[in-house]
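Inspection log for the structure reproduced underneath, given as structure tokens.
In the text below, chain A, chain B and the rest are named by the order of the sequence lines, each starting its count at 1. These figures come from a predicted structure and were not determined experimentally.
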Amino acid sequence: MDDQTRMLTGLAGLSGLTQPDVGDPDSVRKQQSLVQPQQDIGDILQQIMAITDESLDEAQARKHALNCHRMKPALFSVLCEIKEKTVLSIRGVQEEDPPDPQIMRLDNMLLAEGVSGPEKGGGSAAAAAAAAAAGGSPTDSSIEHSDYRAKLAQIRQIYHSELEKYEQACSEFTNHVMNLLREQSRTRPISPKEIERMVAIIHRKFSSIQMQLKQSTCEAVMILRSRFLDARRKRRNFNKQATEVLNEYFYSHLSNPYPSEEAKEELAKKCGITVSQVSNWFGNKRIRYKKNIGKFQEEANLYAVKTAVDAANVSAQASQANSPATPNSGGYPAPCYTPDGRL
DNA sequence: ACCAATGATTTGGC
DNA sequence: GCCAAATCATTGGT
């Protein structure tokens with residue numbers, strides 16, 4: 001039996017009780033209504049329709065009149081009695097539903113994406129600093145990155161303002177309903193539990209609206225994300241300086257070209273790229289170098305000279321052209337010098 | 001348009 | 001989780 005049916009039976013009980021039991025002070029009218037029910041209903045309808053034409057003051061006066069009516073306590077007690085009978089069956093219906101797994105998923109995702117939860121101010125500042133440290137113009141990837149962050153911030157802002165709006169509307173509406181119920185409790189019995197239930201119903205409704213908001217926010221983030229990833233797949237070559245830094249490291253560690261996590265971070269910072277990009281680069285470089293050492297000979301020598309010159313400059317012994325510092329004991333063959341005498 | 005270079009991704013082994 | 005290897009997809013020079 002659902003609530004609606006219960007309500008209907010409750011109402012049926014009400015009419016059954018009130019009509020014969022509650023004495024109508026206007027016996028003439030009662031008789032009339034018994035004799036001519038059609039006309040009476042028409043009369044009531046007319047009265048109801050007339051309500052819309054009444055001014056607010058008139059309505060207030062009417063309400064006041066009802067509250068002060070001498071039969072009001074009697075009506076109230078009758079309503080109480082009816083309620084006693086019906087409330088028992090209503091009580092304990094679907095109390096406290098568990099938190100929706102769907103909404104929990106959405107919440108987790110929004111939190112993970114940084115839409116909800118604390119603002120990530122430090123990250124952007126660090127990225128900007130890294131871009132500045134990389135020297136000169138920021139790379140394209142960082143432009144895309146900031147674009148992504150800006151869009152995400154936009155989504156975040158919309159999400160929060162909407163959420164706030166909903167929450168405000170919810171509390172306003174709840175207040176309104178509670179006031180209404182309190183007002184009505186003067187004429188009909190309303191338990192605090194009922195008010196609570198009503199509030200719960202309102203909150204459920206609003207949370208379903210909230211879920212829609214969360215869902216569409218998630219969608220927006222996903223779309224943004226996929227666009228960003230697509231943009232990343234549209235690769236840009238690293239700038240000359242970055243390649244230089246990476247190659248320098250590679251050829252000066254040719255015996256063991258596997259940078260540690262710290263070294264990768266350092267290189268990433270120097271080049272203005274991510275650590276995984278550094279890893280990709282070294283992965284590609286190792287395999288391509290190994291596959292065709294000959295092809296990389298020139299490059300290897302170039303960087304060998306570079307590091308040698310650097311080392312020489314540092315040690316302030318430029319006159320002695322030492323062989324490059326390429327400690328070699330591992331799997332990657334050392335570069336050999338070109339026969340054209342370029343060292 | 002073609003093609004080598006190159007950054008990113010996938011696959012499979014450890 | 002890192003690596004090698006293969007492969008994909010784009011870039012940039014010709």
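In this model, the phosphate group of B:dA8 is approached by a side-chain N or O of A:N280 to a distance below 4.0 Å at OP1 or OP2. Contact annotation: A:K285 does not reach the phosphate of B:dT6 (side-chain N/O to OP1 or OP2, under 4.0 Å).
With hydrogens and angles left out, the side-chain atoms of A:N108 and A:R105 include no donor and acceptor closer than 3.5 Å. Side chains of A:Y303 and A:E244: a donor-acceptor N/O pair is absent below 3.5 angstrom, by distance only.
Here C:dC3 presents its C1' atom at 19 Å from OH of A:Y289, a figure rounded to the nearest Å. Rounded to whole Å, atom P of C:dC3 lies 8 Å from atom OH of A:Y258. For the pair A:R288 CZ and C:dA5 P, the computed distance is 13 Å after rounding to whole Å. The nearest whole Å value for the distance from the NZ atom in A:K240 to the C1' atom in B:dT6 is 17 Å. The distance from atom NZ of A:K291 to atom C1' of B:dA5 is 13 Å, rounded to the nearest whole Å. The CD1 atom of A:I287 sits 16 Å away from the P atom of B:dA5 (whole-angstrom rounding). The CZ-P distance, from A:F282 to B:dA8, rounds to 14 Å in whole Å. Atom P of nucleotide B:dT6 and atom CG of A:N292 are separated by 12 Å, given to the nearest angstrom.
Proximity note for A:N284 (side chain, C-beta onward) versus B:dT9, C:dC3, C:dC8: the nearest is B:dT9. Side-chain proximity of A:Q277 to the nucleotides C:dC3, C:dA5, B:dG7 is greatest for B:dG7. You'll find that the side chain of A:F238 is closest to B:dG7, out of C:dC3, B:dA5, B:dG7.
When all heavy atoms of A:I273 and A:V278 are compared, the pair lying nearest together is CD1-CG2, 3.7 Å.
If you look at A:Y251 and A:F296, their ring centroids are not closer than 6.0 Å.
Counted within 6.0 Å of CE on A:M211, heavy atoms from surrounding residues, nucleotides or ligands total more than 12; the atom is thus considered enclosed.
The distance from atom CD of A:Q215 to atom CD of A:Q210, rounded to the nearest 0.5 Å, is 13.0 Å.
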Can you check nucleotides 12-14 of chain C for protein contacts, nitrogen or oxygen pairs under 3.5 Å, and list what you find?
residue, atom, partner, partner atom, Å
C:dG12, OP2, A:R236, NH2, 3.0

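A salt bridge links A:K285 with A:E299; the closest basic N to acidic carboxylate O contact falls under 4.0 Å.
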